[in-house]
Amino acid sequence: MEERRKGSVSLEGKKVILVPYMETHVPKYHEWMQDGSLLQATASEPLTLDQEYHMQLSWSQDPNKETFIVLDKDFVVGHFSHGEPHIEAMAGDVNIFMNDLDNPHMAEIEIMIAELKSRRKGLGKESVLMMMAFAIEKFGINIFQVKIGESNEASLDLFRKLGFVQTSYSNIFKEVTLELQITQPKNEEILGLMGTLVKHT
């Protein structure tokens, strides 16, 4: 596993580039989170812009959380440069949380494609696969978990197609929990993808 500082790498796939969540991304991110349907889909509470800046700072310093902004390569203006926010191409975000004290090799993963013009293009799937490859390589993660509202059919469908299986259901939160165990063949499949990524540091 490679040791890297948080925020020191961007990952480029075929359709997306994952870049560290920077302070300059916050106004656009805040704009997305004014959308009631996105708040519901992500089980988020509305924050003020000031609170969003504090949240970005805390995420950037949290060793148990890794956050990337998803850039839609169709909208990157000019040549991509690591360290530049490329706000014009922001499409969503992808996160992992490593908060399970009983199993440090388990991570919860989240994906949000917020921009309507960037949906239904396969960006969510590629972003999730890239994040899983990154988490396996960097943190040795071998179980990925997602918690999705039962009404979020698009997200449930995405993760089921990736091989996630339901492990529990919360009546209180109307939420489905799905997991993916990283077997050796799955590990090779996902890390094979990592080999096709371009790393920018």
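Predicted model, so just to flag it, every value in this text is computed and none were measured.
Side-chain atoms of H105 do not come within 3.5 Å of backbone N or O of N142 as any donor-acceptor pair. Here the side chain of E84 pairs no donor or acceptor atom with the backbone of F80 at under 3.5 angstrom. A distance-only check finds a donor-acceptor pair linking the side chain of S44 to the backbone of T42 [under 3.5 Å]. H86 places a side-chain N or O within donor-acceptor distance of the main-chain N or O of S81, the cut-off being under 3.5 Å. Side chain of R119 to main chain of I113: a donor-acceptor pair is present (N/O by atom type, distance under 3.5 Å, no hydrogens or angles). The closest donor-acceptor contact from the side chain of E188 to the backbone of P185 lies at 3.5 Å or more, if one exists at all.
Side-chain contact, E52 with Q56: no donor N or O sits under 3.5 Å from an acceptor N or O. With hydrogens and angles left out, the side-chain atoms of S37 and D35 include a donor and acceptor closer than 3.5 Å. W32 and E115 are linked by a side-chain donor-acceptor pair at a separation below 3.5 angstrom, with hydrogens and angles left out of the test.
Linking ILVMFWY residues whenever their side-chain heavy atoms come closer than 4.5 Å, directly or via other members, places W59 and L71 in the same cluster. Hydrophobic clustering of Ile, Leu, Val, Met, Phe, Trp and Tyr side chains at less than 4.5 Å, counting indirect connections, unites Y21 with L49. Cluster annotation: V26 and L57 are assigned to distinct hydrophobic clusters (Ile/Leu/Val/Met/Phe/Trp/Tyr, side-chain heavy-atom contacts under 4.5 Å, transitive). In the hydrophobic clustering of ILVMFWY residues, with side-chain heavy atoms under 4.5 Å counting as a link, L47 and L38 come out together. Under the 4.5 Å side-chain heavy-atom criterion for ILVMFWY residues, a single connected hydrophobic cluster contains both V128 and I190.
Interatomic distance, CZ of F164 versus CD of Q145, reported as 9.5 Å (0.5 Å rounding). In this structure, OG1 on T24 lies 5.0 Å from CD1 on I87, to the nearest 0.5 angstrom. Atom CD in Q181 sits 12.5 Å away from atom CG in N187 (nearest 0.5 Å). Rounding to the nearest 0.5 Å gives a distance of 13.5 Å between CE of M33 and NZ of K28. Q51 contributes atom CD, which lies 13.5 Å from atom OH of Y53 (distance to the nearest 0.5 angstrom). Here the straight-line distance linking atom CD1 of I141 with atom CG of L180 works out to 12.5 Å at 0.5 Å rounding.
S118 is listed as a side-chain neighbour of F75, based on a closest heavy-atom distance under 4.5 Å. Taking the side chain as every heavy atom from C-beta outward, P46 and L39 approach each other to under 4.5 Å. A heavy-atom distance below 4.5 Å is found between the side chains of E66 and F139. In this structure, M131 and F68 have side chains that are in contact, with non-hydrogen atoms separated by less than 4.5 Å. Contact of the M132 side chain with the I109 side chain is registered, since non-hydrogen atoms from C-beta on lie closer than 4.5 Å. Between I143 and E179 the shortest side-chain heavy-atom distance falls below 4.5 Å. Inter-residue side-chain proximity for F159 and V165 is flagged as unmet; no heavy-atom pair is nearer than 4.5 Å. Inter-residue side-chain proximity for I182 and I136 is flagged as met; some heavy-atom pair is nearer than 4.5 Å.
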*Verify side chain to side chain contact (heavy atoms under 4.5 Å, CB included) between M22 and H25, making sure each step is shown before the conclusion.*
CA-CA 5 Å; M22 305 172 210; H25 290 133; 3.7 Å; yes

_Stepwise side chain to side chain contact (heavy atoms under 4.5 Å, CB included) test for L158 and I111_ = CA-CA 10 Å; L158 165 64; I111 179 70; 4.2 Å; yes

*asked:* Working note: L162 + K125, criterion side chain to side chain contact (heavy atoms under 4.5 Å, CB included); need CA distance, chi angles, decisive distance, verdict.
replied: CA-CA 8 Å; L162 289 173; K125 178 182 178 181; 4.0 Å; yes

_Residue pair V146, E108: steps toward the side chain to side chain contact (heavy atoms under 4.5 Å, CB included) verdict_ = CA-CA 6 Å; V146 286; E108 185 179 340; 5.8 Å; no

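With a 6.0 Å radius and a threshold of 12 heavy atoms from other residues, nucleotides or ligands, E153 has its CD atom at or below the threshold. Enclosure of atom CD in Q166 by more than 12 non-hydrogen atoms of other residues, nucleotides or ligands within 6.0 angstrom is indicated. Annotation for E150: atom CD counts as buried by contact number, over 12 foreign heavy atoms lying within 6.0 Å. Atom CD of Q61 is surrounded by more than 12 heavy atoms from other residues, nucleotides or ligands within 6.0 Å. Other residues, nucleotides and ligands contribute at most 12 non-hydrogen atoms within 6.0 Å of the CZ atom of F173.
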Atom pairs and distances, donor-acceptor, side-chain atoms in residues 10-19, under 3.5 Å, two or more places apart:
residue	atom	partner	partner atom	Å
S10	OG	H82	ND1	2.6
E12	OE1	H200	NE2	2.7
E12	OE2	K73	NZ	2.9
K15	NZ	K121	O	2.8

Less than 3.5 Å apart, which donor and acceptor atoms pair up between the side chains of residues 89-101 and the rest of the protein, not counting sequence neighbours?
residue	atom	partner	partner atom	Å
D93	OD2	Y29	OH	3.3
D93	OD2	N95	ND2	3.3
N95	OD1	T67	OG1	3.0
N95	ND2	E110	OE1	3.4
D100	OD1	D102	N	2.9
D100	OD1	N103	N	3.0

